[in-house]
Amino acid sequence: MTLNLRTLPNTKTHQNEIIGAACLINPSFHMDRPAPEQPFQQHFCAISKPNDCIFPWDFNEKVQKESRKMKVEVLPTERALLGFLLAKIHKIDPDLIVGHDIYGYDLDILLHRINANKIPHWSKIGRLKRTVMPKLSSYPSRGASHSEKSAMCGRMVCDIKISAKELVRLKSFDLTELTLQILKQKHVELDFEQIRNMYSSTAMLLHLVELTLIDSCHILNIMYELNVLPLALQITSICGNIMSRTLMGGRAERNEFLLLHAFTEKDFIVPDKEYKKKVPAPVADEEEEVDVTKGKSGQGRRKPAYAGGLVLEPKKGFYDKYILLLDFNSLYPSIIQEYNICFTTITRTEQAKSAENEDDLLSLELPSADLKPGILPTEIRKLVESRRQVKGLMKQEGLSHEQIMQYDIRQKALKLTANSMYGCLGFTFSRFYAKPLAALITMKGREILMKTKDLVQAMNLDVIYGDTDSIMINSNSTDINEVTKLGNKIKGEVNKLYKLLEIDIDGIYKSMLLLKKKKYAALSVHKGPDGKYTTQEEKKGLDIVRRDWSGLAKSVGDYVVSTILSGESRETVVELIHSRLNEVGEQVREGKIPVEEFLITKQLTKNPEDYPDKKSLPHVQVALRLNSKGGKRLKGGDTVAYVICEDGSNLAASQRAYHPDELAKSDSLKIDTKYYLAHQVHPVVSRLCDPIEGTDASHIAECLGLDPAGYRHAAQAREEAGDQELLDTVKVTDEEKYRDCERLMVKCPGATCRREIVLDVPLKGADMYIEASLGKCPNEQCPLIVAKNHVAIGNQLTVAIRDHIKKYYQGWMKCEDMACGARVRKMPLMFQRGHPVCPSCNKGVLNPEVGIPSPLK
DNA sequence: ATGCTAGGTGTCTTCT
DNA sequence: AGAAGACACCTAG
């Protein structure tokens, strides 16, 4: 049965009251089968009214007429409605109750209103007869308390908000977004004023009931679409926990049960359940860093308890040769098996037992190879083997669609369970918390990635990046068959090193833009069944895949990425990007972009009133303002959408955030177009274009119609930072390193010769060059070994140095803008961000003609 | 109330 | 003024 409530805040008490409900009933639901053709067989709706409204005069009559289409019970008061609902639930006696945000809203409201109206037999919402109502949570809570959840005991509750959070990644998990993204349908969100207004006519009130019923359908269909129950059933049967708890989320508990079963079966005594609050990571020996938990609520993130995966320093840039991506299949579960890591197999070395170096991984001893696999590896092996088996079954001929789905869900559940095993070892509140084991697993992971990198490099290949379990190689080839061959060769070499651990080709990229650790885009190549190759964009970590950037910034960024990856020439790419930016700048300023494109979405990690610094966080401010108006309140875990507006004030942008509805209802608010161009589009695009020659922050700013001067400095700073990095990695050629330097020219000291010898850029290291080019004088007639005349060469070097110092102190400066090209000595009085502004064009900044090259600063 | 760590980026505050 | 640090979010794996 689905449960969907309609609520409205009381105009006097401002407390939410229940005014309507719509339920769908399916008496023959199978939780081990895919969605039935008919989502439900029966339904009913109930509608009452707030105290200060009356039903339209012909409402009852019209409801009767509608009764063939829609069964509606009209009830005079909330009390009557709740009584009716409880009676219905009691009569239907559902095994499963489906809803959206039941644990975050509906259940709490229901219990509060039952309480306030003193409805008898409240416990009928569950299957256990109880007299005392569980303690209700008072308002600023983040969801139903444990005791509240117990109210429905005996019935499973499927809260699709919780399920969706586990199963799909979305911008937000409110019903509007879920309906749109999962069902591709529109959900009508009504604010409480609109709901109140609907009592003014029969047609509108019927429409309200209808919408409530439609929402119920959406909820049910989302559950079907996500296969929530089949998956929960599989997980439950794998872990041996309780299904109603599987549906409530929380991976640790499932794992706990799996291990409890495994250890008990082998006659181990399992760890006690701890009821007392454990202090997370008690590292506080001295006053040094007394745990950096943010906020007192314990909500904020702790300081990491141990080291995790290794991320290789990326060789940033744009690649247009094939890139090979190799990846260890489920690394952590494999490590547990490969090294037989278990509570029962890992011991501390003798000398470490007495000492207090608990955290020292070196004090752990890996079991010898002949030791029987422990419980943990065995369980993982069982999971992996079952999965392989199920995948085998899926390949059988003549399977029904239903069977394939069933197998697929089981294989997914097995994978999920195996993969969550590691996470639970590192979970502070887990019954099987084992920091040393978790730390050991990640350490082995780092070791393996490092070793793989070394091995690949030893094959004379160019490793450009790697993260935790993956490695990317620049093949420098344009022949895909060759690249595949290479991939297989590497695969063979790496896999030789391990019994069970396996690396595999995870992808081949035709082109790739590598910006930072965990930030890249690529065009992956796939061979279709017809043998033809197709490409697909993959974007990881970039601003454009994050929910906290506006749609505008994301769509422009998207265009930029596709253009860069397209394989067009650099000039064309730059041109296309520039013209697109021009267009966007214009459209934004002319107000031709729809408001939705300006929405920025952020999640509240706490209840809005719990933030210590509410003022400067835009989403918190918006949430607080919305909450003060009543209705459904935003709480921790919810996402807030807002736009930055021009509101007449000159507050910082972060304090000019408004909910889109506020913008729609106001005539004084306007989208802050400058903010969106300068703080949304610009940073996103300039980061993407960072490795692209021919454009930079100031160009991009100019195209968008922003003042380019402000960005020049930043662009230069980034360039310098880049130089420094290149220098650090010693990978840079000397050409690049000394590109701003004048070459040293010496004259052959031979009295009759005086042949000019330019010390050209050496191939490898300055020393080697000097030896080679200052050997015998290039003049055939001159027999001199130039380098032997140290004194003469030394003098010439001194003269050259003095000459340069003199030039430096003459202080000639040149305008950075090539088009202006002014050359002056007098320091102007106008400065822009610490740089002198050219007095002749008033735009560019002046750079010293002879300066200190940036890498040497 | 409850999976982990690594990493980038924006905004505000504090220090130099 | 600019660097440095705290904090907040979101993502990769």
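Quick note on labels: first sequence line is chain A, next is B, and so on, each numbered from 1. What's counted below: heavy atoms across the whole structure, side chains too, no hydrogens, waters or symmetry copies.
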Base, sugar-phosphate, or nothing for [X], non-hydrogen atoms under 4.0 angstrom?
X        : result
A/Ala307 : sugar-phosphate
A/Gly308 : sugar-phosphate
A/Ser420 : nothing
A/Ser145 : sugar-phosphate
A/Tyr332 : nothing

Select one nucleotide: of [options], the one nearest the side-chain heavy atoms of [X].
X        : options              : value
A/Val311 : B/dG7, C/dC10, B/dG8 : B/dG7
A/Gln603 : B/dA6, C/dC10, B/dG8 : C/dC10
A/Pro304 : C/dC9, C/dA12, B/dT5 : B/dT5
A/Tyr422 : C/dA8, B/dG3, C/dT11 : B/dG3
A/Phe429 : B/dA6, C/dT11, B/dT2 : B/dT2
A/Phe427 : B/dT9, B/dG7, B/dG3  : B/dG3
A/Arg251 : B/dG3, C/dC10, C/dA8 : B/dG3
A/Lys517 : B/dG3, B/dG8, C/dG13 : B/dG8
A/Thr605 : B/dG10, C/dC9, B/dA6 : C/dC9
A/Thr428 : B/dC4, C/dC9, C/dT11 : B/dC4

Starting at atom [atom1] of [X], determine the distance to atom [atom2] of [N], rounded to an integer number of angstrom.
X        : N      : atom1 : atom2 : answer
A/Arg254 : B/dT2  : CZ    : P     : 11 Å
A/Lys516 : C/dC10 : NZ    : P     : 20 Å
A/Lys303 : B/dC4  : NZ    : P     : 15 Å
A/Ile644 : B/dG10 : CD1   : C1'   : 12 Å
A/Leu312 : B/dG7  : CG    : P     : 10 Å
A/Leu258 : B/dG3  : CG    : P     : 16 Å
A/Asp467 : B/dG7  : CG    : C1'   : 9 Å
A/Arg687 : B/dT9  : CZ    : C1'   : 6 Å

Would you say a side-chain N or O of [X] is under 4.0 Å from OP1 or OP2 of [N]?
X        : N      : answer
A/His619 : C/dC9  : yes
A/Tyr520 : C/dG13 : yes
A/Ser654 : B/dC12 : yes
A/Lys602 : B/dG10 : no
A/Arg546 : B/dG10 : no
A/Lys606 : C/dA8  : yes
A/Arg169 : C/dG13 : no
A/Ser430 : B/dG3  : no

Sequence-distant partners of A/Glu538, salt bridge (Lys or Arg N to Asp or Glu O under 4.0 Å), two or more places apart
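So A/Glu538 forms no salt bridge (Lys or Arg N to Asp or Glu O under 4.0 Å) with any residue.
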
Once salt bridge (Lys or Arg N to Asp or Glu O under 4.0 Å) is applied, do any residues pair with A/Arg387, and if so which ones, sequence neighbours excluded?
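A/Arg387 satisfies salt bridge (Lys or Arg N to Asp or Glu O under 4.0 Å) with no other residue.
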
Closer than 3.5 angstrom, by distance alone: can the side chain of A/Lys165 be matched with the main-chain N or O of A/Gly249 as a donor-acceptor pair?
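Judged by distance alone, no pair lies under 3.5 Å.
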
State plainly whether the residues [X] and [Y] are in salt-bridge range, i.e. N to O under 4.0 Å.
X        : Y        : answer
A/Lys674 : A/Glu646 : no
A/Asp638 : A/Lys161 : yes
A/Asp543 : A/Lys554 : no
A/Asp101 : A/Lys635 : yes

For this output row, return yes or no: ring centroids of A/Phe343 and A/Phe263 closer than 6.0 angstrom.
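Yes, close enough.
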
Does A/Tyr642 have A/Lys602 sitting over its ring (NZ/CZ under 6.0 Å from centre, angle to axis within 45°)?
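No.
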
Out of A/Leu325, A/Ile323, A/Leu326, which one pairs with A/Ile473 under the side-chain contact (heavy atoms from CB on, under 4.5 Å) rule?
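The passing option is A/Leu326.
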
B/dG3 versus C/dA12 - spacing of their C1' atoms, nearest Å:
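Each nucleotide's C1' atom is 16 Å from the other's.
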
Using nucleotides 3-5 of chain C, report all nitrogen or oxygen pairs with the protein that are shorter than 3.5 Å.
none

